[in-house]
Amino acid sequence: MSERVLTRAAALAAEWLETLPERPVRAVGEAAGLRGALPEHGEDAVAVIESLAAAAEPGLVASAGPRYFGFVTGGALPVAVAADWLTSAWDQNVGLHVMSPAASAAEQTVAAWVKELLGLPAVAGVGLVSGAQMANVTALAAARNAVLARAGWDVEEHGLAGAPALRVIAGAESHVTVFNALRLIGLGRGSAVRVAADEHGRMRVDELVRVLGESDFPAIVCAQAGNVNTGAFDPLDEIVAACRAAGAWCHIDGAFGLWAAAAPGRAHLTTGAAGADSWAVDAHKWLNVPYDSALAIVADPAPLTAAMALTAAYLTTAGEHERNGADWAPEASRRARAFPLYAALRGLGRRGVAELVERDCALAARMAGRLAAEAGVEVLNDVVLNQALVRFGDDDAATTAVIERVQRDATCWLGGTVWQGRAAMRISVSGWQTTAADADRSTDAIADAWRALSAAG
Ligand SMILES: Cc1ncc(COP(=O)(O)O)c(C=O)c1O
């Protein structure tokens with residue numbers, strides 16, 4: 001009964017994936033066909049899928065394709081997409097081991113593999129969540145509880161009202177989702193003391209040490225592996241040492257940057273990361289699994305499960321070698337997102353992950369290098385990872401105009417930012433499909449847009 005509609009969906013998906021590399025990279029419309037009234041009667045499944053695909057088409061962005069350099073956006077490896085289809089077909093709930101021993105086993109395996117790849121402690125607790133923001137929420141909830149427990153306060157039982165003072169310290173360049181996470185766990189978006197950053201966007205350790213020394217209140221320090229603009233890494237080894245000396249919890253937001261640890265040529269950037277107390281890392285960015293997928297990792301599993309675990313008379317507890325997914329992440333019922341992760345990691349292998357990271361970094365450097373050779377074009381950052389910041393004519397308006405032209409042209413897509421008070425184009429190479437030819441073709445489109453703008457005066 002289901003075969004007809006699944007076969008049709010597979011054909012439509014294959015068509016999308018085959019045409020992805022050569023589609024205009026931006027959306028060409030708004031998918032108005034998806035609006036409309038709720039039908040009174042159910043419709044034929046194949047007709048629904050065909051109509052959904054046709055109506056969505058103009059509003060789809062080729063963000064999983066090889067020339068999308070906006071935000072930090074990975075594609076989806078075919079093997080991970082295929083496993084994602086199975087995940088939907090199997091429709092397993094990973095909240096309880098008893099509801100899917102298979103999903104549970106996949107979570108355990110994936111958790112172990114990711115820790116191994118990133119060089120993190122094998123005993124660390126891992127929650128599979130929807131994205132790095134939720135990984136920050138999850139890890140920082142564990143941090144909050146552990147740090148306050150040390151001060152004699154039980155947050156799980158009593159909440160935050162009346163709790164001892166707690167300090168959160170973040171870098172001037174911490175990602176916005178860290179502050180959203182703080183807001184969501186009741187610590188307040190604006191409560192963090194901000195530590196000055198250097199010209200690359202890295203937290204200044206002398207400033208951190210000074211701030212840590214300002215009071216004896218329990219503290220959580222939010223460090224970063226991979227600045228969303230420059231790709232720069234906070235000096236993690238020194239930050240971890242400063243946190244140790246001050247008895248502070250060290251959390252690292254490594255949404256994309258932590259994957260550098262899996263690539264021998266870039267691993268030095270993450271030196272010291274393994275000594276932190278918690279980490280947030282995305283899988284839907286650089287590991288190229290479909291949305292939504294990330295991991296919250298906490299060195300000591302106890303505060304993570306204390307903050308997340310679910311208990312009720314009708315729920316079953318996990319046995320010694322079993323795992324209830326709900327004990328490690330904020331959701332109760334949850335999609336078995338470990339299956340696509342498992343498939344991606346097996347499909348790539350240790351070498352494949354390293355090659356993916358190295359290749360994207362090399363392509364970002366290649367694009368930056370070629371653009372820097374153009375008259376009037378400046379690369380604003382050291383391209384240490386997969387991120388490049390480019391400025392045109394040393395002028396905000398010109399830079400914004402080049403970005404708009406490139407977006408309209410749709411050979412590639414990238415966005416803008418403001419770096420140290422100056423407008424810049426952001427190039428983020430995070431996809432598995434991008435080749436040197438894609439990088440060169442995109443660089444040509446960017447250079448053409450700049451030349452055309454300069455010629456127009
Ligand atoms: C450093 C950093 N942290 C967190 C995030 C948020 O990730 P997500 O959108 O997966 O929640 C990003 C996204 O780019 C990021 O670069």
Side-chain angles (χ1 to χ4, degrees), residues 61 63-64 68-76 80 114 118 127-141 143 168 170-185 189 192 194 197 200-203 221-234 236 239 250-261 269-270 273 276 278-297 329-331 335 337 340-341 344 357 360-361 364 381 384-389 413-417 419 424 426-431:
V61 175
S63 50
Y68 189 88
F69 306 112
F71 310 100
V72 183
T73 307
V114 170
L118 301 182
L128 273 74
V129 293
S130 55
Q133 172 165 300
M134 279 313 292
N136 282 326
V137 166
T138 306
L140 288 171
V168 180
E173 279 292 332
S174 286
H175 193 263
V176 60
T177 54
V178 167
F179 304 98
N180 239 15
L182 293 173
R183 179 172 64 105
L184 289 168
I185 63 169
R189 189 171 42 202
R194 305 294 289 268
H200 305 284
R202 299 177 300 203
M203 189 190 281
V221 173
C222 301
Q224 183 166 258
N227 178 291
V228 76
N229 284 315
T230 63
F233 287 65
D234 287 349
L236 300 173
I239 290 172
C250 181
H251 170 70
I252 298 178
D253 175 4
F256 61 98
L258 218 44
W259 290 106
L269 295 165
T270 65
S278 60
W279 307 264
V281 64
D282 257 318
H284 58 214
K285 290 188 169 68
W286 226 348
L287 193 60
N288 280 259
V289 303
Y291 293 102
D292 42 22
S293 190
L295 299 99
I297 307 175
E331 298 101 343
R335 176 179 178 75
R337 54 174 70 97
L341 262 163
V357 169
D360 282 349
C361 293
N381 65 318
V384 293
L385 202 67
N386 61 338
Q387 308 284 123
L389 295 179
W413 201 96
L414 27 71
T417 190
W419 179 246
R426 285 183 70 253
I427 299 176
S428 174
V429 189
S430 313

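Only heavy atoms go into these numbers, but all of them, side chains included; no hydrogens, no water, no symmetry mates. Order of listing sets the numbers, starting from 1, for every ligand and every atom in it.
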Peer 1: What heavy-atom pair brings Pro330 and Val129 nearest, and what distance separates the two atoms?
Peer 2: CD-CG1, 3.8 Å
Peer 1: Which atoms form the tightest heavy-atom contact between Ala139 and His251, and what is the distance?
Peer 2: CB-CE1, 3.5 Å
Peer 1: Just to verify, what does Arg335 make a side chain to side chain contact (heavy atoms under 4.5 Å, CB included) with, not counting sequence neighbours?
Peer 2: Asp84, Thr87, Ser88
Peer 1: Name all residues meeting the salt bridge (charged side-chain N to carboxylate O under 4.0 Å, His left out) criterion together with Glu331; count only those two or more places apart in sequence or in a different chain, and write none if there are none.
Peer 2: Arg334
Peer 1: Check ligand 1 for N or O atoms under 3.5 Å from a protein N or O and list each pair with its distance.
Peer 2:
residue  : atom   : partner : partner atom : Å
ligand 1 : 3 (N)  : Asp253  : OD1          : 3.1
ligand 1 : 3 (N)  : Asp253  : OD2          : 2.7
ligand 1 : 7 (O)  : Asp282  : OD2          : 3.3
ligand 1 : 7 (O)  : Lys285  : NZ           : 2.9
ligand 1 : 10 (O) : Ala132  : N            : 3.0
ligand 1 : 10 (O) : Asp282  : OD1          : 3.2
ligand 1 : 10 (O) : Asp282  : OD2          : 2.7
ligand 1 : 10 (O) : His284  : NE2          : 2.8
ligand 1 : 10 (O) : Lys285  : NZ           : 3.0
ligand 1 : 11 (O) : Ala132  : N            : 3.2
ligand 1 : 11 (O) : Gln133  : N            : 2.8

Peer 1: At their closest point, which heavy atom of Ala135 faces which heavy atom of Leu295, and how far apart are they?
Peer 2: CB-O, 3.5 Å
Peer 1: Mind checking what makes ring pair (Phe, Tyr, Trp, His ring centres under 6.0 Å) contact with Phe256, not counting sequence neighbours?
Peer 2: none
